[in-house]
A.B. asks: 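Pasting a structure below so you can have a look.
Any value given below was found using the heavy atoms of this structure, including those in side chains, with hydrogens, waters and symmetry copies removed.
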Amino acid sequence: MSKLMCELSGYVDNVILTTSLVTLAACSYDRYLVITRPLFYKRYMTGRRTLLILTATWLYSMSLSLPPFFEIGKFRLSEFSRTCALTTPDLAGLDNDTNLKNFKSAL
């Protein structure tokens, strides 16, 4: 499999996985609103708002899967499953990096 095909299939796989998880969360919140606030729900959940939520779900999923294209992690071919999967960079050697220290202290 070429590098481009590996990156493309890894990206599509990540987008679909993330979209399905975020959609399940949105459906759960939708059901929560129906049960806890049935009168408010009819005014709140319009067709336009539903379309906005679906669009935001897809845009969020696509943007979350972009970092490997900016050299933050990589899509690599797994020899075991013959699929491309996301691998993250090894942060073990970056303990002296000030940006990493600032990030850790912010957490």
Side-chain angles (χ1 to χ4, degrees):
M1 182 181 292
S2 71
K3 183 180 182 212
L4 177 65
M5 285 304 297
C6 183
E7 289 178 349
L8 185 62
S9 71
Y11 176 76
V12 169
D13 191 33
N14 279 342
V15 168
I16 291 171
L17 175 70
T18 306
T19 302
S20 66
L21 294 175
V22 175
T23 301
L24 284 172
C27 288
S28 296
Y29 183 69
D30 179 68
R31 296 295 91 201
Y32 167 78
L33 283 178
V34 168
I35 293 169
T36 60
R37 299 180 182 156
L39 299 176
F40 170 76
Y41 179 81
K42 287 184 179 183
R43 284 182 289 140
Y44 180 75
M45 197 55 72
T46 62
R48 184 179 177 143
R49 183 155 293 157
T50 303
L51 184 61
L52 178 69
I53 291 169
L54 287 173
T55 303
T57 297
W58 279 97
L59 289 175
Y60 173 76
S61 299
M62 287 187 274
S63 65
L64 197 63
S65 299
L66 281 177
F69 294 109
F70 299 105
E71 301 299 325
I72 303 171
K74 294 184 179 193
F75 292 115
R76 294 195 181 160
L77 183 64
S78 170
E79 295 298 324
F80 178 71
S81 63
R82 304 297 295 164
T83 60
C84 289
L86 180 63
T87 58
T88 55
D90 182 21
L91 299 177
L94 299 177
D95 287 334
N96 295 328
D97 188 8
T98 55
N99 289 335
L100 185 61
K101 285 182 181 179
N102 292 339
F103 177 71
K104 286 180 179 178
S105 65
L107 293 178

A.B. asks: The criterion is side chain to side chain contact (heavy atoms under 4.5 Å, CB included); which residues satisfy it with Thr55, sequence neighbours excluded?
C.D. replies: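 Listed in chain order: Leu51, Leu59.
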A.B. asks: Rounded to the nearest 0.5 Å, what separation is found between the CG atom of Asn14 and the OG atom of Ser9?
C.D. replies: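 Here the interatomic distance stands at 9.5 Å.
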A.B. asks: When clusters are formed by joining ILVMFWY residues with side-chain heavy atoms under 4.5 Å apart, either directly or through shared neighbours, do Tyr60 and Met62 land in the same one?
C.D. replies: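 The answer is no; the residues belong to distinct hydrophobic clusters.
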A.B. asks: Minimum heavy-atom separation for Ser65 and Thr18, please, with both atom names.
C.D. replies: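 Taking every non-hydrogen atom into account, OG-OG1, 4.4 Å.
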A.B. asks: Do Phe40 and Tyr29 belong to the same hydrophobic cluster, where Ile, Leu, Val, Met, Phe, Trp and Tyr are linked whenever their side-chain heavy atoms lie under 4.5 Å apart, directly or via other members?
C.D. replies: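 Per the 4.5 Å side-chain linkage, Phe40 and Tyr29 are co-clustered.
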A.B. asks: Find the distance between OG1 (Thr36) and OH (Tyr41) and round it off to the nearest 0.5 Å.
C.D. replies: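 Here the rounded value is 11.0 Å.
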A.B. asks: Using the rule that two of Ile, Leu, Val, Met, Phe, Trp, Tyr join whenever any of their side-chain heavy atoms come within less than 4.5 Å, decide whether Val22 and Leu17 are in one cluster.
C.D. replies: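 Cluster IDs for Val22 and Leu17 differ.
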A.B. asks: Once side chain to side chain contact (heavy atoms under 4.5 Å, CB included) is applied, do any residues pair with Thr23, and if so which ones, sequence neighbours excluded?
C.D. replies: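 For Thr23 the side chain to side chain contact (heavy atoms under 4.5 Å, CB included) partners, ignoring immediate neighbours, are Thr19, Cys27, Thr57.
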A.B. asks: List the residues meeting side chain to side chain contact (heavy atoms under 4.5 Å, CB included) with Arg49, not counting sequence neighbours, and say none if there are none.
C.D. replies: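 Applying side chain to side chain contact (heavy atoms under 4.5 Å, CB included) to Arg49 gives Tyr44, Met45, Thr46, Ile53.
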A.B. asks: Should Trp58 and Leu64 be regarded as members of a common hydrophobic cluster, given that ILVMFWY residues are connected when their side-chain heavy atoms come within less than 4.5 Å of each other, either directly or indirectly?
C.D. replies: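 No, separate clusters.
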